[in-house]
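Heads up: the structure comes next, in structure tokens.
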Amino acid sequence: MAKEKLLLLDGNSLAYRAFFALPLLANESGIHTNAVYGFTTMLQKILEEEKPTKMLVAFDAGKTTFRHETFDEYKGGRQKTPPELSEQFPYLRKLIDAYQIKRYEKELYEADDIIGTLAKQAENKDMEVIIVSGDKDLTQLATEQVSVYITRKGMTDIEKYTPSHIEEKYGLTPKQIIDMKGLMGDPSDNIPGVPGVGEKTAIKLLKEYGSVEALYEQIDGMKKSKMKEKLEANEEQAKMSKKLATIFTDAPIDISLEDLDYPGPNEEEVLQVWQELSFKSLIEKSDFQVEEKVTAELDFEIVQEVTPDMLKDAMAVHVEIENEHYHTCQILGVGFSDGQANFFVSIDTLSNNETLKNWLEDDSKKKYMSDSKAAQAILNRINIDLRGVEFDMLLASYIVNPAISGDDVATLASEFGYRDVQANETIYGKGAKWTVPNENVLAEHVARKAFAIWTLQPVLEEKLRENEQFDLYYDLELPLATILGKMESEGIKVNIETLEKMGVELEEKITSLEKEIYELAGETFNINSPKQLGVILFEKLGLPVIKKTKTGYSTAADVLERLQTEHTIVKYILDYRQLAKLKSTYIEGLIKEVHREDSKVHTRFQQALTATGRLSSTDPNLQNIPIRLEEGRKIRQAFVPSNEDWVLFAADYSQIELRVLAHMSNDENLVDAFNQGMDIHTRTAMDVFHVSEDEVTSNMRRAAKAVNFGIVYGISDYGLSQNLDITRKEAGEFIDKYLQSFPGVKEYMDNIVQDAKLKGYVTTILNRRRYLPDITNRNFNLRSFAERTAMNTPIQGSAADIIKKAMIDMDAKLKEEGLKSKLLLQVHDELIFEAPRDEIEILERIVPEVMENAIELKVPLKVDFSYGSTWYDAK
DNA sequence: AGCATCACG
DNA sequence: ACGTACGTGATGCTT
């Protein structure tokens, strides 16, 4: 049998070391992870290098140890363990268990003593022993068979203390390390030692006398000196210090070497812990295998004929679709679960079964789903009008924590500890290899999803109630999903010919700009390549370099604007960029998205994506159609009503974010400004520059507007200086003046950051949450970013709450009034409807009314509106 | 797949 | 001293 190799880890010391060596990382739910991360990387490395047969991680048991009997101030004056570290210990223990490594602690003893005792026992049995710690005290345990590894900064860097290494480094034997500490003391453990004796003196004395005891036996012979006096005066203290520093090797532990066999990690469990802590790089790097087999058995059936008795009053339903493009892709089948029976129906059965259709359309039959909007939209395409959605796992998870990423059932379920659903990739493969498996495999997969949703429904609802977020979820997001689904399915009509005509005109202008650019550059090159463009501008033409990117010269618009006076080519490039963008993204890109059968685009509003609670829009993104520049704005001429003689009607909130800020900060001045109905930027300029209304110049208003933006974004002097192209000092002065004029805003901003530090998250008016793990980060940039986010998210997020509520109220109002007008789009602070001309008058009345009263604030909400025969004309 | 750029609120 | 304004998505280029 090969020689046994025992690895003994000093848990507390390593965790402390890692905690202070690494930046204060945290995963997306706000749990700090740096100590566990550092411990893990160290562990991985050492396991690979040493391949131990036995292992143990020792921990300190509590505050008092037997050493306190000797000296009650032992380890006195120590700073309390930071809470960011304490919270990591449970995860550390979980991780060690997942590795299947024994852990041990013993009342009254420190980890050192456990390690010392076991090391001695192992040595007696002729085992090789390796001790790993962050604490050099342990080096006293080194012998020919016992090596002590001490981590250096970075955790994976290790210094190996063998007796010969110690001899080389200090000229001492390992045992003399104890004497050294007796003489020099150890401030971190509050061991006094002999005052005035440091490492150098201690080593010198020990080389001469050998040990503390020997020194004092021969001290009479020492020639008279200050040093001698000090040593004589502190004899007791030196001997006590040595005793304190001595690691016990006969601790009465009730664990033996036989218990320490190390079988290797349970890879799946380790991966689970890593997942929980978001150790993405470790997951990627490791060759740990996730057991693909799903552990729990699940009974399921493939049902050909759905009968009424199979469909209960409440069931989990999962509509499995090919991919995320639910407006164009196909249904693969539907899974059902009521916790007892689980079954699957194929798309054919679904399309031809009246019983099933009726059940799905019955509002009184409760459906528990995940991404019900996708199901609603795709079922709508086969003329099934999904109703009665009572639970949506995607939305529930998003409300619990908007940082949870991924929208498939397997990913979401595993976020909440349910792991018996396989990843879609496992079932279908990915990329070119994507394929639908045989029906049995498919049916089980889909049935499992339904069962997972059924299982997690009470878990998530409980979590929502615990967070006081149930209303936000149930009364806001869930009904909104239905409305968004209708908007998406309705779509907005696009006149392709208009776009094509614009495309031709753009093409001509682009070609002529290209010619000019090549002429001025003296050669042809790819203007779209920042790399090639950089070479032309900054090397060939020698323009001054203002800004650099990671990869080379920056050619961004703000840089080019400053270079316009340097060379005529720059303006051409700016124009080229503008037109090329319009053509590729908004002409060609948009045309690709138009559905041929109805000449409409059907965007998908992502309802569970943004960190703040806003929606986002994809395929196509209809929330960033040009408007600021006239050339781009014309794109909006291609968006038209779906019926002859209808109009597009647009209504937007005026200054909603600043009004939200007025409400939340309750700043007297800001509230007053809005109550008086003033132009807020003019009013800000009056206060900041101390002038009367008619003295406000356009430049003053412009500056005030920038400051207002800055306030909303979480002000920084640097950001404002960049925006206004002024010095940081000037920007700082602006901010100070602003905060003097609006002291309530300052107080609010200070409080929100404080509050975020305390709770780890910020909230909106409707109690939407965003966790900010970096708010206590030691890294200035990360912390500052989190602080600005703490200021911005309640504002942006509350504005999102308000318009979402308005959409729900508006939907009800249109129904109540029996109108044909339809809500089509939401663009963060505006709603776009299409309407028959004879309903315009009613909309002019009810749309502002409903939007302005969506949520009552301390200041009025104001809505502007307009309409026209194209989106462009609704201005 | 990541980066730079630019469109929107 | 640090170095960025907040939130998104699409495109084209480069690796």
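Predicted model only: the values in this text are computed from it and were never measured. Numbers restart at 1 for each chain; the letters A, B, ... are given by sequence-line order, proteins then strands.
Sequence order on DNA chain C of the closest nucleotides to Thr793(A) and Arg728(A) puts Arg728(A) first from the 5' end.
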For this session: Let me have DNA chain C in dot-bracket notation, would you? Count Watson-Crick plus G-U wobble pairs, both distances under 3.5 Å, and use [ ] for pairs crossing earlier ones and | for inter-strand partners.
Result: .....|||||||||.
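You can see that DNA chain C meets the heavy atoms of chain A within a 4.0 Å-exclusive cut from dC2(C) to dT15(C), reading 5' to 3'.
Tested against Met791(A), the residues Ile752(A), Val762(A), Val712(A) include a single side-chain contact (heavy atoms from CB on, under 4.5 Å) partner, Ile752(A).
The list of salt bridge (Lys or Arg N to Asp or Glu O under 4.0 Å) pairs with a residue in residues 701-715 of chain A, not counting sequence neighbours, reads Asp679(A)-Arg701(A). Note on residues 649-663 of chain A: pairs passing side chain to side chain donor-acceptor pair (under 3.5 Å), not counting sequence neighbours, are Gln655(A)-His681(A). Each salt bridge (Lys or Arg N to Asp or Glu O under 4.0 Å) pair with one or both residues in residues 715-726 of chain A, not counting sequence neighbours, appears once here: Asp717(A)-Arg728(A).
Backbone-only engagement by Thr612(A) is indicated by non-hydrogen atom pairs under 4.0 Å involving sugar-phosphate atoms exclusively. Using a 4.0 Å heavy-atom distance criterion, Ala799(A) is classed as making no nucleic acid contact. Within 4.0 Å (heavy atoms only), Leu615(A) reaches no atom of the nucleic acid at all. Using a 4.0 Å heavy-atom distance criterion, Gly589(A) is classed as a sugar-phosphate-only contact. Note on Ala706(A): a base of the nucleic acid sits closer than 4.0 angstrom, heavy atoms only. Using a 4.0 Å heavy-atom cutoff across all strands shown, Asn779(A) reaches no nucleic acid atom at all. Among the atoms of the strands shown, base atoms are found under 4.0 Å from some heavy atom of Asn723(A). Using a 4.0 Å heavy-atom distance criterion, Asp652(A) is classed as making no nucleic acid contact.
When the side-chain contact (heavy atoms from CB on, under 4.5 Å) test is applied to Ile625(A), the partners found at least two apart in sequence or on another chain are Tyr586(A), Leu622(A), Ile635(A), Arg636(A), Phe639(A), Trp871(A). Lys746(A) is linked by a salt bridge (Lys or Arg N to Asp or Glu O under 4.0 Å) to Asp750(A), counting only residues two or more places apart in sequence or in another chain. Take Phe780(A) and apply the side-chain contact (heavy atoms from CB on, under 4.5 Å) test, not counting sequence neighbours, and it matches Arg783(A), Ser784(A). Every residue two or more places apart in sequence or in another chain that forms a side-chain contact (heavy atoms from CB on, under 4.5 Å) with Val570(A) is listed here: Leu543(A), Leu560(A), Leu563(A), Gln564(A), His567(A), Leu574(A). Evaluation of the side-chain contact (heavy atoms from CB on, under 4.5 Å) rule for Lys430(A) yields Glu425(A) as partners, not counting sequence neighbours.
Of the N and O atoms on the side chains of Gln796(A) and Thr612(A), at least one donor lies less than 3.5 Å from an acceptor on the other residue.
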Under 3.5 Å donor-acceptor pairs involving side-chain atoms of residues 824-833 of chain A, not counting sequence neighbours:
residue	atom	partner	partner atom	Å
Gln826(A)	OE1	Gln623(A)	NE2	3.2
Gln826(A)	OE1	His828(A)	N	3.0

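Comparing the same atom, P, in dC3(B) and in dT4(C) gives a spacing of 14 Å after rounding to whole Å. dA4(B) sits 13 Å from dA5(C) when the P atoms are compared, rounded to a whole Å.
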Exercise. Taking protein heavy atoms under 4.0 Å as touching, what does nucleotides 4-9 of chain B look like 5' to 3' if B marks base contact, S marks sugar-phosphate-only contact and - marks none?
Worked result: SSBBBB
